[in-house]
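The figures here come from the full heavy-atom set of this structure, side chains too, leaving out hydrogens, waters and symmetry mates. Residues: numbered from 1 along the sequence shown.
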Amino acid sequence: MRILIVEDDRNLNRQLDEALTGAGYVVDKAYDGEEGHFLGDTEPYDAVILDVGLPEMDGISVLERWRRDGRAMPVIILTARDRWSDKVAGIDAGADDYVAKPFHIEEVLARVRALIRRAAGHASSEIICGPLRLDTKASKASVDGAPLKLTSHEYRLLSYLMHHQGQIVSRSELTEHMYDQDFDRDSNTIEVFVGRLRRKIGNDLIETVRGLGYRMGPGA
């Protein structure tokens, strides 16, 4: 899962980046509204954390432009605690949630997890596919109750496929959601990671749809 942080406070931006990366997400960062708008307009994100008070272009304007241009990714806005008008403006502009500053990083992580789950149609923090269970809160997976030892790339791939069960996901889509903007992307490596995952979770959960990509589901 790939997240964009748009926050001009570099210390807070770094804290969010470290927490999200530690939780298994891929993170891109922007420090002003123009850069944030460009990234959100040109790159695919599973969620965005967007500060309201940004230089160059304020967060509300960034969000309004995204929504006007059809960008539908879930967005959490960061607002000052006493600026209730920013919260209202953000929701009206298309925000899916908001967090008031100062906040605990864990609260933001929980809201990100919830938004991504809901966007994919999952209500619970635990996603199940046959014998496979993904605990999005703990960033862990198990098969028949046995914990899986996964690399960061394997976990990201598994998480994306689990969130999009039953859907055909192309290699290019997986590549776009597994690596940040600066990574030298190669969609051929996806096949390698899929092979590793199959050896760990079994061959019948990830189906190769010839010419299209992969589909996860029981008995795939």
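- Checked by atom type and distance alone, the side chain of S142 never pairs as donor or acceptor with a backbone atom of L148 at under 3.5 Å.
- Nearest approach of S139 to A23, heavy atoms of both residues: OG-O, 2.8 Å.
- Annotation for K140: atom NZ does not count as buried by contact number, only 12 or fewer foreign heavy atoms lying within 6.0 Å.
- A donor-acceptor pair under 3.5 Å is absent between the side-chain atoms of E207 and the main chain of V209, judged by distance alone.
- Using a 4.0 Å cut-off between a side-chain N of Lys or Arg and a carboxylate O of Asp or Glu, D51 and K101 qualify as a salt bridge.
- Linking ILVMFWY residues whenever their side-chain heavy atoms come closer than 4.5 Å, directly or via other members, leaves V194 and V192 in distinct clusters.
- Closest of all the heavy-atom pairs between V26 and M178 is CG2-O, 2.8 Å.
- When the shell of 6.0 Å around CZ of F38 is examined, it contains 12 or fewer heavy atoms from other residues, nucleotides or ligands.
- Closest of all the heavy-atom pairs between A93 and E64 is CB-CG, 3.6 Å.
- Side-chain atoms of D28 and Y45 include a donor-acceptor pair closer than 3.5 Å.
- Within 6.0 Å of the CZ atom in R71, the count of heavy atoms belonging to other residues, nucleotides or ligands exceeds 12.
- Salt bridge K29/E7: absent, no basic N to carboxylate O contact under 4.0 Å.
- Pairing each heavy atom of T136 with each of S125, the nearest pair is OG1-O, 2.6 Å.
- Side-chain N or O atoms of H163 include one that pairs as donor or acceptor with a backbone N or O of S159 at under 3.5 Å.
- D46 has no carboxylate O lying under 4.0 Å from a charged side-chain N of R2, or vice versa, which leaves the two without a salt bridge.
- A chain of hydrophobic side-chain contacts below 4.5 Å, direct or via other Ile, Leu, Val, Met, Phe, Trp or Tyr residues, connects L4 to M57.
- For the pair R68 and D41, the salt-bridge criterion is not met [side-chain N within less than 4.0 Å of a carboxylate O].
- Ring geometry for F193 against H153 counts as parallel: the plane angle stays under 30°, on a 0 to 90° scale with 60° as the upper cut.
- Under the 4.0 Å criterion applied to side-chain N and carboxylate O atoms, K200 and E154 are assigned as salt-bridge partners.
- Cation-pi contact between R10 and Y31: present, with separation from the ring centre below 6.0 Å and deviation from the ring axis of at most 45°.
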